[in-house]
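The structure appears right after this line, and notes come after that.
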Amino acid sequence: MNYPEYKQPLNYGQVGTDILAWWKQNGIFEKSVSTREGKPTFVFYEGPPSANGAPGIHHVMARTVKDIFCRYQTLLGKQVNRKGGWDTHGLPIELQVEKELGITKEDIGKKISIEEYNQRCRETVMRFKAQWDDLTEKMGYWVDLDDPYITFEPEYIESCWALLKKLYDKGLLYKGYTIQPYSPAAGTGLSSHELNQPGTYRDVKDTTIVAQFKVKRDEKSEQLFSNVQLDEVPLAELYGDGAAEPDVYILAWTTTPWTLPANTGLAVGKNIPYVLVSTFNPYTHAPIRVVLAEALVGKYFSEKGKDASFADFKPGDKVLPWRIENTFKGSDLIGINYQRLFGQDKGFPAFEGEENGFRVINGDFVTTEDGTGIVHISPTFGADDFRAAQLAGVPALLVADDEGKLGPVVDRTGRYVAQMGEFGGRWVKNYDGHDDSGSDYKTLDESIAIRMKGDGTAFKVEKYEHTYPHCWRTDKPVLYYPLDSWFIKTTAVKDRLIELNKTINWQPESTGTGRFGNWLENLVDWNLSRSRYWGTPLPIWRTQDGSEEICIGSIAELSAEIDKAVAAEVMTHNPIKSGEMTDLHRPYVDDVFLVSPSGQPMYRETDLIDVWFDSGAMPYAQWHYPLENKAQFEKNFPADFIAEGVDQTRGWFFTLHALAVMLEDSVAYKNVMANGLVLDKNGNKMSKRLGNAIDPFATINQFGPDATRWYMIANAQPWDNLKFDLNGITEVQRRFFGTLFNTYSFYALYANLDGFQAREFDRISYSDLTELDRWILSKLQSLIVEVRGYYDGYDPTKAARAIQDFVTDQLSNWHVRLSRRRFWKGELTADKRAAYETLQECLVVVAQLMAPIAPFFAEWLYKNMTDGMREEAVAKNTPLAPESVHLTLLVEADEARIDKALEERMELAQRISSLTHSLRKKSVLKVRQPLQRILVPVFNETTREQVGKMEDLICAEVNVKHVEFLDDTSGVLVKSVKPNFKRLGQQYGAKLKAVGARIQQMTPEEISTLEKTGQLAVEIDGEAYTLAPDDVEIRTQDLPGWLVATDGPLTVALDVTLTDELRQEGVARELVNRLQNLRKDSGLEVQDKIQVTLGHQPELEAAVQSFGSYIREEVQALALNFAPDLTGGSVLEFDEYTVPVQLEVANG
RNA sequence: GGGCUUGUAGCUCAGGUGGUUAGAGCGCUACACUGAUAAUGUAGAGGUCCGUGGUUCGAGUCCACGCAGGCCCA
């Protein structure tokens, strides 16, 4: 047997297992790299996963994408090294350890030492490595698992240090502060993760204030004082005689009144409309004018008070009279100065830069959803505030502490500092748990509100319920508070980041230009600091006062510095030299003290660095570069290709890019694919909690890795979210893999029967092939071009769909179906050889094309198809010499064999066949009943010629004797016209409707005139038009007296006349069919010869009389006789009668 | 709240540069076929192309504003 045969259905899981074992045994992955030694490289970076949890089905998705392009490039002959990696640091690991130990961060250093804690993290982080490795293998992801980079290893950390020092030396590493969520009661900053804990956001009732900020009258603000409206109505008329001109205030709302004394700016939206309103202060009843967003006027002023009499207003009236005086845009207000709410005159401190504060600035976050459309800015207590103020050059209110160090007006315990006048020492919120139950107890917010009411600077004070984040540990409200951090000055290279990003090929493009591009446009400095324990320590040592510092770039450098410290008696000995310190993590680095040039001791900054730095540093650190392996690094930088989930856009994709630009002035990757999420079949996120997570192992086990991968890739484009439905895999398995398997089985069955073995040489020459063979080979070449194009363009979905359509629609359902007789009939003729060779070529090429996506099945198919050819191939070193499809070179399309005309006329044949089948169906004539002819109307020679060439094929497929053509001259065609709107629209524009209607009314005579003379004069609405043939599409509508079917311009008519001969042939074919069934039911092999005896039946006898030899040949009968007295045996059932039959296997 | 993204048949998806009758596969119904048979063929049912406005002779397609889902960021 030349070709292995398999039982139906094929066990795809088993194919995966078997091929995997074979790969391992023969080191195929290693060979796929080593056999490409010296060839051009394709550089791929593995984004390191974290092995502290079990892998999920979405990892199969992401890794399939990676694998596809690495395998494809290998097929192109490139060398693709794939170094694996593990991400080992970070918060999720710490949290997991804390959960398992039942501790919190506060217990670290108390209940458990940092050393023990980090040891636990180190053990935990690789806990699921075995499962990950198992999945990697089973899903067929080829990556080097033996020599991965691991981010917690000293060499890796040392590389990170070296890179940090490079940045430090370039002046790109600095210490500053940002506004972060902070828990005063716990004395610690909170990560966004901690803020996202369930229950942190709670509804609270706070005192809120709409504050009035008094505008300073100057050039900028003059527009608020003198304008048309006000001039028209004398003041006296409004407020009574002798009234002074009212002050103008800007209104701003806050839910945190305690931040008002720290206000230094007001933000407006540039394009938001604002109004100036005359009214009274509801508490002091003083006449005032206020500025607020037009959209929010209704929130503060009732309809009743609109344009009401000001003179009649009396203190105590509920309804405030008001009138709009003027409108402005936000941009008009920017730059206006106002008076500080709690100024030095009221006993509050002066501060640096004060002269630049108390201005109206732009804030792109300002909305008119709530408040007044103007946002009070206190740069030390809000992230937006901080940014907007920084952009506008508005200072923060900072005061000096006892040591002269500047800080915000709230200390780290949550109290106002002493300088804060009458409020000095007050708690911002109740962080110390003091008794606040007394009836005369006032919160700070309330005290401030009372004071402001008295000052006439409060426009509205009310309790308001809103959601506010709380510390998950202390249950106290979070403060947004300035905290020290180390930053990488990414903003310094912003333009270069943007410029180089434009050279990166993003798939999909919108992620690169949109999500990533916008992120770069709005770049802020990269906050590196993390106040944690398990991570890469920041290698910076500082003196107590921060005046001297050093950034360490290697272990050797650290050791040398320690020596200096030992000499200065800051350290007793050098733990690196003594071998005590082999790990660069905390706490060991914290126990290292260095000495500054001026002799001061230096302590390490206790921060760890952002884990994203770890992964972004992998192009360098995976080779322990820049400390060694320069050549290795340069050979593998930048990457040709990376792929991860779209959620990595601001994670790994960014850190890779940022570091590459800052360190190498280069992109880190040339092509990048951002794949979407894997959701459950209803479009919900998968989660273990909801129980809708798919187990990747069970899935691969059940369906095999190939169907799983194929489904994921073919169903939706990788960058779209995938609604993962196991039924989809079943469908892929049945429709695609099932069909492909059947096609192979079909080939194997008959090739083995014939003892046929395909060879690379000694094949039927191309020119001797039939149209059908040349057609599928032409389609195959077109497919190669198409699929290569899709892979080259990083579009695996289209590649998969093209392969799938070729296999199911073209190869299986047309070529093989029409070729079946060629395979099962008679001796191994040249035509039969041609059929085998054609199918063989198609299957081998399909195996290659599908190999990147379905590596196991492709291997199975390739080996089954070519193992018998291997020996000769190896001897002659031909393309089929490699033992594995993954070691081959992807076939190039032979463009000379692409015959577009042939492809077109085959499509015509397919459509004509389909139409004929549908006609048979309508007249209830089964395909087994031969018919005399079909009629095809043709309007031009080309169509006639094309269909003519396909006549035999069409006849065979639809079982008719002839295809006849009907041309125009016959005069029997009834035609119809359809307006060509595209052309008409361009020509007639608005007149198109009338012209179109007129065309649809064209008479047969007019159609004929248009066709013959090439033009037609018509009158529409009294105007004369001349129609050209291109203006319409002419098609056959009907053939009177015939049964017709149409498909666009194509029409087919079927001759349903039955002659005696046709009838007899029909009976003969029925008989063949019944006998074939009987053969099959009797369990005969395809090659068994038989002897048949039939009972007496006139119609059958007549049919046998005329078509005996045909019948005998079809059913492989040596004899076919009638016996009038035949009894027993089987019975053949025909439409109208039954006949006894005896079937014997003939000997010999 | 912002950025990006998706929305077309029961389900999964196609639908260059606008062209009047919006397609495919699966599923469903009916019939046929039965030496690829857990396959195949033919026919049928199934659509406010998320909504509203606009541009246009003409919008699934272009524009604006919304709605819903998703991701990231505040």
Side-chain angles (χ1 to χ4, degrees), chain A residues 8-9 192 364-367 369-370 382-384 387 508 510-519 521-522 645-651 674 676-677 679 681-685 711 714-717 719-723 725 727-728 730-736 738-739 741-747 749-750 797-798 801 804-805 808-809 812-813 816-817 820-821 823-825 913-922 924-928 957-958 978-986 988-996 1045 1048 1072-1077 1079-1080 1084-1086 1114-1116:
Chain A
Q8 177 101 258
S192 60
D364 47 18
F365 48 86
V366 177
T367 68
E369 293 280 306
D370 48 24
D384 278 337
R387 240 185 319 112
S510 60
T511 300
T513 54
R515 188 180 287 214
F516 195 66
N518 290 340
W519 161 250
E521 295 286 349
N522 298 307
V646 67
D647 53 339
Q648 295 290 329
T649 306
R650 293 173 185 189
L677 263 66
L679 308 169
K681 63 180 171 182
N682 299 318
N684 299 314
K685 234 177 139 167
Y711 163 71
N715 192 63
Q717 298 198 282
W719 44 89
D720 288 333
N721 289 347
L722 173 68
K723 289 184 198 162
D725 186 354
N727 292 326
T730 312
E731 191 183 322
V732 158
Q733 196 173 59
R734 262 218 336 259
R735 179 141 187 88
F736 176 61
T739 306
F741 168 69
N742 276 340
T743 307
Y744 167 76
S745 300
F746 184 82
Y747 174 87
L749 174 67
Y750 290 104
T797 303
K798 287 199 170 146
R801 287 175 180 173
Q804 189 170 306
D805 288 348
T808 56
D809 296 348
S812 167
N813 206 19
V816 173
R817 194 156 60 83
R820 278 184 303 184
R821 301 181 62 79
F823 289 101
W824 75 59
K825 289 210 60 167
S913 300
S914 174
L915 288 171
T916 310
H917 280 306
S918 117
L919 289 171
R920 276 183 172 276
K921 161 81 185 158
K922 272 182 201 151
V924 201
L925 286 162
K926 33 181 83 167
V927 183
R928 271 200 295 275
E957 169 65 9
V958 302
K978 192 184 148 212
N980 179 352
F981 285 101
K982 189 164 187 169
R983 205 184 127 81
L984 291 171
Q986 286 157 3
Y988 298 113
K991 298 271 167 58
L992 172 131
K993 267 196 175 135
V995 178
V1072 168
N1073 165 249
R1074 302 302 189 274
L1075 290 172
Q1076 297 286 33
N1077 286 349
R1079 280 185 61 116
K1080 202 179 173 192
L1084 298 190
E1085 295 295 324
V1086 174
E1114 286 294 313
V1115 303
Q1116 310 218 47

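What you see is a predicted model, and the numbers here were worked out from it, not measured in a lab. Because only heavy atoms are used, hydrogens play no part in the values below, and waters and symmetry mates are left out as well, while side chains stay in. Here is the naming used below: chain letters follow the sequence lines, and residue numbers restart at 1 for every chain.
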Would you say A:Y711's side chain and A:D725's backbone share a donor-acceptor pair under 3.5 angstrom? yes
Students often get this wrong, so: under 4.0 angstrom with heavy atoms, is A:N742 touching a base, only sugar-phosphate, or nothing? base
Quote, to the nearest angstrom, the P distance that separates B:A14 from B:G7. 8 Å
Which distance, rounded to the nearest 0.5 Å, do you find between the CG of A:L679 and the CG of A:D720? 11.0 Å
Nucleotide-resolved protein contact map, nucleotides 23-32 of chain B, B/S/- at heavy-atom distance under 4.0 Å: --SSS---B-
Counting any heavy atom closer than 4.0 Å, what does A:N1073 reach on the DNA or RNA strands: base, sugar-phosphate only, or nothing? sugar-phosphate
Please determine whether any donor N or O and acceptor N or O are separated by less than 3.5 Å between the side chain of A:T739 and the base of B:A39. no
Pair assignment for B:C71, Watson-Crick or G-U wobble, requiring both distances under 3.5 Å: B:G3
Hey, does the side chain of A:E1114 reach the backbone of A:L1075 with a donor-acceptor pair shorter than 3.5 angstrom? no
A:N715 CG to B:U12 C1', straight-line distance once rounded to whole Å: 5 Å
C1' atom, B:C67 versus B:G53: distance in rounded Å? 14 Å
Inter-nucleotide P distance (B:G2, B:A64), Å rounded: 15 Å
Can you tell me the distance, in whole Å, between the CZ atom of A:R817 and the P atom of B:U40? 10 Å
Return the set of residues passing side-chain contact (heavy atoms from CB on, under 4.5 Å) with A:T649 (not counting sequence neighbours), or none when no residue passes. A:T511, A:R515, A:F516, A:V646, A:F653
When you compare B:A39 with B:U29, how far apart are their P atoms, in angstrom units rounded to a whole number? 14 Å
If the P atom of B:G27 is compared with that of B:U21, how far apart are they to the nearest Å? 31 Å
Tell me: CG of A:N1077 to P of B:A36, nearest whole Å? 11 Å
Parallel, tilted or perpendicular, judged at 30° and 60°: which one describes the rings of A:F823 and A:F746? perpendicular
Rounding to an integer number of angstrom, what distance separates B:A68 and B:G41 when you compare their C1' atoms? 41 Å
For B:G60, give its Watson-Crick or G-U wobble partner with both distances under 3.5 Å, or none. none
Find which nucleotide of RNA chain B each of A:F746 and A:K798 is nearest to by heavy atoms, and output the residue with the more 5' nucleotide. A:K798
Side chain of A:K723 only, please: which of B:U42, B:U12, B:A36 is the nearest? B:U12
Charged N to carboxylate O below 4.0 Å: is that the case for A:R735 and A:D809? yes
What is the nucleic acid contact for A:N980, judged by heavy atoms within less than 4.0 Å: base, sugar-phosphate only, or nothing? nothing
Using atom P in both nucleotides, what's the gap between B:C33 and B:C49 to the nearest angstrom? 40 Å
Test item: A:R801 side-chain N/O and A:N715 main-chain N/O as donor-acceptor pair under 3.5 Å: yes
Gap in Å between the two C1' atoms, one belonging to B:C11 and one to B:G46, rounded: 13 Å
For B:C65, which nucleotide in any strand shown is its Watson-Crick or wobble partner with both distances under 3.5 Å? B:G51
Can you tell me how far C1' of B:A14 sits from CZ of A:R801, to the nearest Å? 7 Å
Here the gap from A:Q717 atom CD to A:K798 atom NZ, rounded to the nearest 0.5 Å, amounts to 5.5 Å
With the side chain defined as heavy atoms from C-beta on, A:S918 is closest, among B:U42, B:A74, B:A36, to B:U42
Nucleotide N/O of nucleotides 3-7 of chain B paired with protein N/O under 3.5 Å:
from : atom 1 : to     : atom 2 : distance (Å)
B:G3 : O3'    : A:N518 : ND2    : 3.1
B:G3 : O2'    : A:N518 : ND2    : 2.8
B:G3 : N2     : A:R515 : NH2    : 3.3
B:C4 : O2     : A:R515 : NH2    : 3.3

Between the main-chain N or O of A:T916 and the side-chain N or O of A:R920, is there a donor-acceptor pair closer than 3.5 Å? no
Who is the Watson-Crick or G-U wobble partner of B:C26, with both distances under 3.5 Å? B:G10
Write down the partner of B:A32 under the Watson-Crick or G-U wobble criteria, each distance required to be under 3.5 Å. B:U40
Kindly say whether A:G676 contributes a backbone atom to a donor-acceptor pair with the side chain of A:N721 at under 3.5 angstrom? no
What's the CZ-P distance between A:R387 and B:G2, to the nearest Å? 14 Å
Check the distance between B:A38's P and A:F741's CZ and give it to me in whole angstrom. 12 Å
Using whole Å, report how far CD of A:Q804 lies from P of B:A14. 13 Å
Across all strands, who's sitting opposite B:G46 as a Watson-Crick or G-U wobble pair, both distances under 3.5 Å? none
Ranking A:A716 and A:D647 by the position along RNA chain B of their nearest nucleotide, the one closer to 5' is A:A716
How many angstroms lie between OG1 in A:T513 and CD in A:E521, if you round to the nearest 0.5 Å? 11.0 Å
Can you check the A:D384 CG to B:G2 P distance for me, whole Å? 12 Å
With sugar-phosphate meaning primed atoms plus P, OP1 and OP2, does A:S914 contact a base, only sugar-phosphate, or nothing at under 4.0 Å between heavy atoms? sugar-phosphate
Output for pair (A:N813 CG, A:T743 OG1), nearest 0.5 Å, gives 9.5 Å
